[in-house]
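Order of the sequence lines sets the chain letters (A, B, ...), proteins ahead of strands, with each chain counted from 1.
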Amino acid sequence: MLCLSVVTMTTEVGSETEVKKDSEQLGPDKAKDKPEEASETPENQKSKEASSEEAQDSSLPEPTSQSSPSSQKKQKASPESKGISRFLPPWLKKQKSYTLAEPKDEPKKKATGEEQVIEESESQTPEGVAQPRKSLEEAAENHHNAKADDKEKQSVSSAETPQLVKEDGKEMEVEKVAEKKEENEEEKEKRETKEVQTAEIKTDDIPQKSPKKIKTVQCKVMLLDGTEYSCDLEKRAKGQVLFDKVCEHLNLLEKDYFGLLFYETSEQKNWLDPSKEIKRQIRSLPWIFTFNVKFYPPDPSQLTEDITRYFLCLQLRQDIVSGRLPCSFVTHALLGSYTLQAELGDHDPEEHRRDYISEFQFAPNQTQEMEEKVAELHKTHRGLTPAQADSQFLENAKRLSMYGVDLHHAKDSEGVDIMLGVCANGLLIYKDRLRINRFAWPKILKISYKRSNFYIKVRPAELEQFESTIGFKLPNHRAAKRLWKVCVEHHTFFRLVSPEQPPKAKFLTLGSKFRYSGRTQAQTRQASNLIDRPAPYFERTSSKRVSRSLDGAPMGISDQSLRDFSATGGQAAGDKIIDTEAAGQANLKEGGREDGSPVKTPQLELTQDGKINSLRVDGENIYVRHSNLMLEDLDKTQDDLLKHQASISELKRNFMESTPEPRPNEWEKRRITPLSLQTQGKKGDHIFQVKTLPGKEKQWIAMPWIDGAKPEETDKSLEEEITSILFSKEGFGASTRGPFAAASPGPAEGAAGEQTGASAAAAPPPQRHASRAEGPCTGVSNADKSSHETLDIVEEKKQAEFGIEETVVVDETNKGKMQVATDAGETCKVEHLSKKDSSSLPSDSSSSSSSSESEDEEVGEYQPHHRAIEEVIREEQEEEEDMKRKEHEEKIQHVEATPEGSKLNVPVEHTQVTAEDLVQKNTVTVATEEKKLSEEVKQDLGQEKEEEQLKLNGDVSHVDIDVAPQLICCSEPPVVKTEMVTISDATQRTEISTKEIPIVQTETKTITYESSQLDGSAGGDAGMLVSAQTITSESVSTTTTTHITKMVKGGVSETRIEKRIVITGDADIDHDEALAQAIKEAKEQHPDMSVTRVVVHKETEIAEEDEE
Amino acid sequence: MAGLGGGPAAFGRCTHAVVRALPESLCRQALRRSAGPEVDFARAEREHQLYVGVLRGKLGLQVLELPADESLPDCVFVEDVAVVCEETALLTRPGAPSRRKEVEAMKRVLESLNLNIVEMVDENATLDGGDVLFTGREFFVGLSRRTNQRGAEILADTFKDYAVSTVPVHDSLHLKGFCSMAGPNLIAIGSSEAAQKALKTMQQMSDHRYDKLTVPDDAAANCMYLNIPSKGHVLLHRAPEEYPESAKVFEKLKDHMLIPIANTELEKVDGSLTCCAVLINKASEL
């Protein structure tokens, strides 16, 4: 029997546009706020609007602080922040004042002359001169603020507008709608808020209206070419400020590969965290940093700009000379010859005498012989341009085995000295010079540290059943943490599509919340594709390089001018206002942080160009990861932004479709989806879910919490269902969830108790599975382990499942990579786990507590596989929405939480019921189904909650149990076995079956298609359910259920249509055709909507078998 | 010329081969892991001559043949005493004390080729070239009875461009007793448990993904791949008379010029195809 269920979810977001994202990007602070909110307030979803508003509001100090509880983090950081606006130093306000209080400020500016001129003049002018302005500005600000408030309020009142809906989008949309000036103002306001945040501390120090000077600290940065860059930084400036200054100085756009190092001791180097205040990272006073490559691109030829390659070359030359990058004699000579070619050009016998080479150092131990060889090879490079020579240099250097390997001293469990090398592909273990082991990122499930120990939890190898945790002893706690952070960063940068959300801080949580907050390689590549500037000129003479000329501006200029400039520039720009604004904002941000400290003029220029990459200032948040995407766009003009967004969405799509590297993430996502599908599948339907997801990212973050919260609110049964639903529906969500759970204790709390119990119960069965030879299944074995592990496992399993399923559907190579180890059976388990989830989740949460780190940082955990999380999250939101809907609709489904009965035969009757239910369910789809199942199933053995995955769709006579493993364990005789897995894995799956009884085997295939395009922040938040209707039609063999839901989120109305189409027939039905038709119809019916998600679940009755 | 061997494309290139005649003492005194049938010296010599003939005649290599030394019964297995990669040669310190003097002759001949020579002088180090598998991208060094960690370290120090990963070897004299490179990205591997286990280890240790060619017989997995400009991929493998099933596997390699070589006699003393030659790619002078 074939059941095709097509669920089409379409979401229309009113006026939301990707632009919103931009706005978010522009305002990292907002992003921060959001995440924070999420973490703090479970209601975040709902509050998203608020948050977005808040973000805007935040610009308005008072309202923000008071109105939005969620914004508290800032407050946390500094309690005083609430009143910040008042206390804001004049300079901070200036920006606003300029923009906002155009009249006042402008006159000043005008008086000086053109804006730019003014800026320059300002920059040149001593602070003292500037101060008066500030005071004026302040006065103006007050007015402005008042105005701003009004405006904001208006905007808020007009909540209908998309702004609210998407955090990111808010501003943008508003801006569009509103006059440019207003936009500017708003932005400025935002900026202000942001600035305020950054400057909060400052505020404290500084009396309200007194124009005190900000304390500044002189920074020195050693550049790769050996020159030194120095500047004054405001004492409380964050690392990003300095980093961006340096990059500007270097005229470097592809800066995500780089970072700033500082040395605690001669040996201990630390990366300056851009999201934290410098002074909190570097204790001793001379602030001296080294500009270095942080992430060595595995393929330098993919860098966009020659200047980036040049810096990479400089870094590698240092690495080579210092011995960090060992080379053979021949390679030394070859690389040296390319260096000569790049630096000196063609060999000139006249000019290049014997000793010309001696000025250069090519190797730690340079010999006469080597120099001769270098000279010899140099002659052969005739005609290579410097850029070509650099490229050749890199092509050879990248093949060196230690290229990009960051080594850390450690001892193994037996006290033997080893080195741990972190690189793009994973973790390498060296003993002396020998590689004795290697753990590729996909193989690592968790990275953690505790005191001076560093742990990795590794996926079980083939033929192994259990995960293993490997511990290393680092010299000290700091070293362990440093290694952990480097691992987190490398994993995120090289393996994830987008940075992972930092774990939410919960009370009682321990450990570091650190997460990489910059752009990932995928993102930076995407971004750098948009770089559109003539190749910047730069001098290569390493010894003489002077980049100042590029900037053309003196080093130290008061930022005020900058701010003013940017602001004015924005206004003046007219059309380009947005761009400029963006740039301005960036500047502003920088400036804000820098306030009081001199700012480089160069930034201004850059900003004008719009090419400057705005700093994705994370503010202090480590949490801001979502903002990254948004932030990326800051530098760019609208067009760029749009392109960028588009490209991002494309990127995602690509990932979804075929991109090799990123896939894993997506796979995970998919896997997750599959889970949902599976649940559905159990029911026996092919479900196509088309969802348009509005920018969900940020909101999503909040989601997990919400989920957790909701369950608590609702009945336990609901909880379970929900959780299960989330997992299943979310598809992504499930997998993500796990991570989330781990990351965020919140959700776990509610369920924790239950989950733990459940997990415990479940644990035994899994082992059985494991025995089957499924390595991944370890879950069971894991049971012994901490709850955390369970969660992790679950995720993994899910992934595995996905992989399998997808494999079936799609051919995927990835599968092999990622989850080869995982078994289908496990996956099933996973699902169950997830469903059980509440229990499992809780366990996770508990684990999460351990994982999520408090600031003690004594402990840190990081689960590498979460990647896809964001997307997942989105789905989750949607799902959540679904959930809500469900709730609204009625909880018919509430059936029971007792889903455990794994074994039920689902009566055919249900099918019809399902159809009906489906209608309602459709929105909820999975969940409802599950519920139904659960109802039916109630009888079950059910030790566990695994719910009912059995579903009958239309005809399906057999119920499948994905959960099989657990079920098996717990349940008694008659079991219906579901084959989630397709072909490849099927075998394993089958094995899973229960021993006891005749099983009806059903082959279920679930395919999920999801359009990634909608990156926007999603409407994901709660929103209001305006209307929901369900339409059911039935044709001969097709049952179509349509569910329409209108939600108002943050002022944006979103219409979501889910269609579930159940096609029943014999095996000869052409699924593909049916599916295509269904999608086509859906599109035709709703031309203005986009298909977000298609889930296909195919269930085929294979035969009855006994358990294997 | 170029560093790092010019990349994988150049893998297997070679211009010279160093071989050594077999001494009569081999029949009775050569080291062997287990007692077995006696070596038929005449036949062994014939097979060896055939082997050298292929290298010299058929493949056009410059073959440098060292004379046999009766005091060194294992001297025909030149691979164990030198590891040559690009312009650098590491003279090993063979695990079997009786073989250490084999290095001297090898040193002389390699010096004559103007290679950068590195000698393993550490008395705690042992390394047999038969434990060294160079894939074109990295080295795998089998830790066996003949090769120890220190030897591997010295190898790593010698060939710094490449990752050197260690692979525990059991149930075989050498790592290459059950595996070898059969192409630029292709590892020939035996079917025994030990071989498969070693392969797994190698796969885990490598950032690169190799194709594998699994042959039923471990001994047959030792084949000799060369990349000869005029011939393309050339593979010397064990003759069908010896290992018919494995030969069938090799015959599936359509892109390779396959040359079956019998090695029945030397195999009795743990000799393999790769054992009997050191291949050198001597770049034309700049």
Side-chain angles (χ1 to χ4, degrees), chain A residues 298 320 323 325-338 363-364 369-370 372-373 375-380 392-393 395-405 416 421 423-426 428-441 443 458 461-463 813 816-817, chain B residues 1-8 10 85-90 115-118 122 125 127 135-143 147-168 193 196-197 199-209 283 285-286:
Chain A
I320 290 169
L325 181 57
C327 299
S328 65
F329 174 88
V330 176
T331 301
H332 276 307
L334 183 68
L335 295 179
S337 68
Y338 284 123
E369 183 187 7
M370 183 179 292
E372 288 172 3
K373 186 76 174 175
E376 192 176 301
L377 291 169
H378 180 201
K379 294 174 189 168
T380 68
Q392 287 299 313
F393 179 95
E395 284 306 296
N396 283 279
K398 78 175 185 189
R399 282 192 240 143
L400 295 168
S401 74
M402 298 305 288
Y403 172 84
V405 178
V416 177
C423 67
N425 294 321
L428 302 169
I429 317 296
Y430 294 92
K431 183 169 183 300
D432 295 308
R433 312 254 339 222
L434 300 175
R435 187 184 289 183
I436 57 173
N437 213 337
R438 169 180 175 272
F439 301 97
W441 292 126
K443 182 136 169 93
V458 180
E462 276 180 64
L463 306 180
T813 3
K817 300 176 181 177
Chain B
M1 40 192 247
L4 300 186
C85 179
E86 289 145 25
E87 305 281 316
T88 303
L90 172 65
L115 294 175
N116 306 313
I117 304 222
V118 178
D122 188 327
L127 179 78
T135 69
R137 300 172 186 272
E138 62 194 313
F139 285 96
F140 292 106
V141 178
L143 296 181
T147 299
N148 64 19
Q149 181 94 9
R150 182 70 190 128
E153 285 170 19
I154 292 173
L155 180 99
D157 276 333
T158 305
F159 302 103
K160 291 180 180 170
D161 292 348
Y162 297 98
V164 177
S165 304
T166 54
V167 182
E193 192 177 328
Q196 291 297 319
K197 189 175 177 186
L199 177 66
K200 283 217 168 51
T201 302
M202 291 190 282
Q203 286 172 332
Q204 174 174 337
M205 298 277 235
S206 176
D207 291 328
H208 183 69
R209 295 186 169 237
E285 300 305 323
L286 291 171

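In this structure B/Gln149 satisfies the side chain to side chain contact (heavy atoms under 4.5 Å, CB included) test together with A/Lys431, A/Leu434, A/Ile436, B/Leu143, B/Glu153, sequence neighbours excluded. Remark: B/Ala125 pairs with B/Met120, B/Asp122, B/Asn148, B/Arg150, B/Ile154 by the side chain to side chain contact (heavy atoms under 4.5 Å, CB included) rule, at least two apart or across chains.
Here B/Asp161 contributes atom CG and A/Asn396 contributes atom CG; the two are 9.0 Å apart, rounded to the nearest 0.5 Å. Note: A/Thr331 OG1 to B/Glu87 CD = 10.5 Å, rounded to the nearest 0.5 Å. Expressed to the nearest 0.5 Å, how far CD of B/Gln203 lies from CZ of A/Arg438 amounts to 10.5 Å.
Surrounding NZ of B/Lys200 are more than 12 heavy atoms belonging to other residues, nucleotides or ligands, all under 6.0 Å away.
Contact between A/Ser401 and B/Ala163 at its shortest, heavy atoms only, is CB-N, 3.0 Å. Nearest heavy atoms, A/Asn437 versus B/Met205: CA-SD, 3.4 Å.
Considering only heavy atoms from C-beta on, A/Leu400 stays 4.5 Å or farther from B/Lys160 through its side chain.
The greatest number of non-hydrogen atom pairs below 4.5 Å with chain A, out of B/Thr88, B/Asp157, B/Asn116, is found for B/Asp157.
Side chain of B/Gln204 to main chain of A/Phe439: no donor-acceptor pair is present (N/O by atom type, distance under 3.5 Å, no hydrogens or angles).
Neither the backbone nor the side chain of B/Thr201 comes within contact range of chain A; no heavy atom of the residue lies under 4.5 Å from a heavy atom of that chain.
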